[in-house]
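Naming: A, B, ... by sequence-line order, numbering from 1 per chain. The basis for the numbers below is simple: all heavy atoms, side chains too, and nothing from hydrogens, waters or symmetry mates.
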Amino acid sequence: MSNSTDRRDFIRLCGKTAAAVAVARAAGTPLMAPAFALENAPRVRLVTKDGGPLKARELPLYANWIFHYPYHSSPALLIKLDDPAPPTEVEDKDGKAYQWPGGVGPDKNIVSYAAICAHALSYDSRESAFLNYRRKRNQMTGHGRVITCCAHASVYDPAAGARVLAGPAKFPLAAVLLEHKPDTDELYAVGLIGSELYGEFFKAYRKELRKQFGRAKYRKMVQGDVIAMPVAEYSEDAIEC
Amino acid sequence: MSDNGKKVVDGLGRRDFLKTAGLAGVGVAAAMGGMAAGSAPAAAVAGPLSRAADLPKNKGPRVVVVGGGWSGLTIAKYLKKENPKFDVVLLEPSAMFMSCPLSNLWLGGVVDVDLLLHSYLDAARNNGYVWLQGMLVQFDREKRRAWTTAGHVDYDYIVLAPGIDYNYASLGVKDPAVASTLAHMYPAAFKPGSEHLSLRNKLDDFEEGVFVLNVPAGNYRCMPGPYERACIIASYFKKEGIKGKVILLDPNDKPTIKAEGFLSAFNDLYKDVLEYHTSTTITGVDPHNKVVETEFGEVKFADAALYPRVRAARLIEDVGLVDPNSPQMEARIDHFFYNVPGDEHTYVAGDSRPMPFSKSGNTANTEGKVVAGIIAARAAGKEPKWESPNTICYSMVNTDPRESIMVDAKYKFTKGKGWGFTDVRVINKRSRQLAKANIEWGRGLYRDMFGA
Ligand SMILES: Cc1cc2nc3c(=O)[nH]c(=O)nc-3n(C[C@H](O)[C@H](O)[C@H](O)COP(=O)(O)OP(=O)(O)OC[C@H]3O[C@@H](n4cnc5c(N)ncnc54)[C@H](O)[C@@H]3O)c2cc1C
Ligand code: FES
């Protein structure tokens, strides 16, 4: 992270800030500070293409969906796992431990992570989605029920804070904090913790992000409702490897 | 084979002053003495060798990384990541970086050349090190001074990552003059830059006839490279409707890697435009009459890219670091920690290494991070850690539609047996999706080496 302006949205937390409280609240676990958390994280509701709320129960099992968060141009995966995912402690890029709050929803199996690889920033674009969750074992490493990045075969465990299981990545994908409203069954994205890479992301892809999302908009934070859809629909190719 | 290699090298004749400097190990005065003895005009080299290079003042331990290829670029960047106090100087003579990986795709018109070209200035600025545009001529391991064409540099650690050179004797060409002609007329195009541009121009100019490619013996750079290139050129002939044939001569009985994937591409896609001859070694070349000789007879060609057996870059020999047991004149280093035995200040990495790892960019990149970690650990008085490099390698076997295959492997050392592959995964079924991953593989590693 060399660009200090790109970094300004992020602060190192020491335990008492609003974001940390949000984590703890989302997790329903004792307060533990994340090593990094997005400051002023937007709170957005996830909706489907037709604009209606995305209901947790309607999200298909094994979903490999995409939405944009926290910026208009930054993709995140939305996944529904087989089993409930309990909170897990993982380490960020500086080796600092943080608590990933676990899955949300009626079955505590809905999770979300930045779809930007912690190895060399490959990401999910309209043209190609290099990071995908699949239940089926991948051919590159033989892992199943994982997020695989097909650029250099980094494999992340979505049920454990996107801990690295194989490949060149050295730290987990940043985790998007979700909230589930039991009364309406709606899903909200409310924060981001872990190792953010948005400075590098914007720097590496500025040209194509501007082209697709607009010069003014690509690095603005999302607000209101955000559309989520299957990666296979969003992207020309959900790469399998 | 080691005899062969040796002969060529001596035949090509290294400059006497280097020998003198190396033997004396004392530097400028001795080097000057060597030159005065008659082999090179002193004035031509006295300038840069006798002054200090223009560098910012070093604040921490200085590491000179020689060679800005896949290995050196990675080591330079990750040394700074490991310890921001390191004063890292990357020594590289080329004006810009041109990638060997993905160059076959550019050859086949799949990607633009800008994908392959990158700025050393950007790499250095983004990652907080210095690029010194020059070549290492000699260095003194005791005084820790390196003489370069851009001036001399004092250092704490030095890493040599100069890549490969070709051994033309392996093609049955013993006369250095003929070797030079051959290198001009039918360049191997397994070193970046002009060789690749020249090969591309050859394809543009190609009218009809046979285009010869070959696989060298031994552990050559980019195992799938010659097979991929055969596919790409055959694909190009098909697409352009050229009345040509690719003849690929291979001393092995099947492709050395991803055999199934390549053989099915040869069979399914290029039956009419590609002939694959196994167990066929080139024994001689007549560049003027355009004939390649093999044990089985002669092959007349219209054009060719001839790939001699690979050896470590000449520099390794010039500085006296060749492993006498290495048939490819690779460096004598500790196989786990990359240092010259008994000298924890001198390292060799990348394609000049003696370990039989696949000579690939991905290997050099993953290894580079380990080497940076080893040097940082030692500089901090800690025990270094070994980790296996990783060889991930895609090959595009079809350009229309684009389809690739891939392999992913690591290495392990077994007592009594030596080095071998481990955790090998191959995807031999070519696919469009893997072709996208193939290009992204390169983009990702360029981001890694040149970005912050
Ligand atoms: C056509 C082709 C396709 C390939 N495809 C792939 C692929 O798909 N995947 C893959 O992983 N690998 C691939 N490779 C292999 C890969 O390019 C090499 O293995 C890799 O470049 C090795 O890195 P290196 O740093 O050791 O050598 P290089 O990258 O060759 O770098 C060596 C550098 O040292 C410099 N140098 C030499 N002597 C001196 C000196 N005296 N002083 C200072 N500098 C010096 C040179 O100028 C050069 O820049 C391919 C290679 C080719 C040719
Ligand atoms: S960018 Fe994902 S594994 Fe390299």
Side-chain angles (χ1 to χ4, degrees), chain A residues 1-4 6-7 93-95 116-132 134 137-143 148-155 165-171 197-208 231-232 235-241, chain B residues 74 77-78 80-82 84 114 122 125-128 261 361-363 365-370 373 387-394 401-402 404-410 423-429 431-452:
Chain A
M1 188 77 187
S2 63
N3 187 335
S4 59
D6 286 337
R7 186 163 198 156
K93 61 180 165 191
D94 301 321
I116 299 172
C117 187
H119 170 232
L121 305 175
S122 292
Y123 77 108
D124 287 354
S125 73
R126 282 235 176 253
E127 203 191 329
S128 322
F130 292 104
L131 291 96
N132 288 284
R134 285 197 177 86
R137 285 177 188 277
N138 66 27
Q139 293 181 77
M140 275 184 171
T141 66
H143 290 86
T148 306
C149 173
C150 289
H152 317 95
S154 284
V155 178
L165 297 175
K170 296 280 184 240
F171 50 88
L197 296 167
Y198 295 108
E200 288 95 329
F201 177 68
F202 291 141
K203 199 166 172 194
Y205 298 110
R206 189 155 277 146
K207 248 202 232 150
E208 63 191 66
V231 175
S235 189
E236 213 176 280
D237 271 306
I239 307 285
E240 246 191 296
C241 53
Chain B
T74 310
K77 166 171 175 166
Y78 283 86
K80 287 297 290 186
K81 286 216 170 222
E82 289 281 346
D114 12 328
D122 286 0
R125 201 181 51 236
N126 285 336
N127 294 295
N362 207 101
T363 315
N365 172 268
T366 49
E367 170 189 85
K369 295 175 190 184
V370 177
E387 216 182 292
S388 169
N390 182 202
T391 300
I392 293 184
C393 184
Y394 289 91
R402 298 170 185 184
S404 294
I405 54 181
M406 70 91 64
V407 64
D408 181 353
K410 289 192 169 161
D423 300 338
V424 182
R425 296 252 165 195
V426 194
I427 308 181
N428 276 313
K429 190 173 173 328
S431 75
R432 221 171 52 83
Q433 294 211 331
L434 284 188
K436 281 194 164 180
N438 188 345
I439 296 171
E440 184 62 14
W441 169 88
R443 284 187 198 280
L445 293 189
Y446 304 140
R447 281 194 295 276
D448 188 27
M449 294 187 292
F450 294 90

message: Can you give me the closest heavy-atom contact between B/G444 and A/A120, atom names plus distance?
response: O-CB, 3.3 Å
message: Under a 4.5 Å cutoff for heavy-atom pairs, which residue among A/C117, A/S122, A/P168 has the most contacts with chain B?
response: A/S122
message: Whether the side chain of A/H152 engages the backbone of B/W441 through a donor-acceptor N/O pair (distance < 3.5 Å, no angle test) should be reported.
response: yes
query: Side chains of B/M406 and A/M140: does their closest heavy-atom pair fall under 4.5 Å?
result: yes
statement: Distance col, row A/I239:CD1 vs B/S431:OG, nearest 0.5 angstrom, shows 8.0 Å
- prompt: To the nearest 0.5 Å, how far apart are CZ in A/F201 and CZ in B/R447?
  reply: 9.5 Å
- prompt: So, the side chain of B/E440 versus the backbone of A/F130: is there a donor-acceptor pair under 3.5 Å, distance only?
  reply: no
task: Any chance you could measure B/N438, atom CG, to A/C241, atom SG, to the nearest 0.5 Å?
output: 12.5 Å
Salt bridge present between B/K436 and A/E240 (N-O < 4.0 angstrom): no
Contact summary for B/A437 and A/C150, nearest pair of heavy atoms: CB-O, 3.7 Å
- prompt: Under a 4.5 Å cut-off applied to non-hydrogen side-chain atoms, are B/L445 and A/H119 in contact?
  reply: yes
field: Interface moiety of B/Y394 toward chain A, non-hydrogen atoms closer than 4.5 Å
entry: side chain
CG-CD distance between B/D408 and A/Q139, expressed to the nearest 0.5 angstrom: 12.0 Å
task: Give a yes or no on this: more than 12 heavy atoms of other residues, nucleotides or ligands lie within 6.0 Å of atom CZ of B/R443.
output: no
task: Measure B/I439 against the heavy atoms of chain A and call it side chain, backbone, both or neither at under 4.5 Å.
output: neither
statement: Okay, B/K369 and chain A: the region with an atom under 4.5 Å from a heavy atom over there is side chain
- request: Counting only heavy atoms closer than 4.5 Å, note whether B/D423 contacts chain A via side chain, backbone, both or neither.
  value: neither
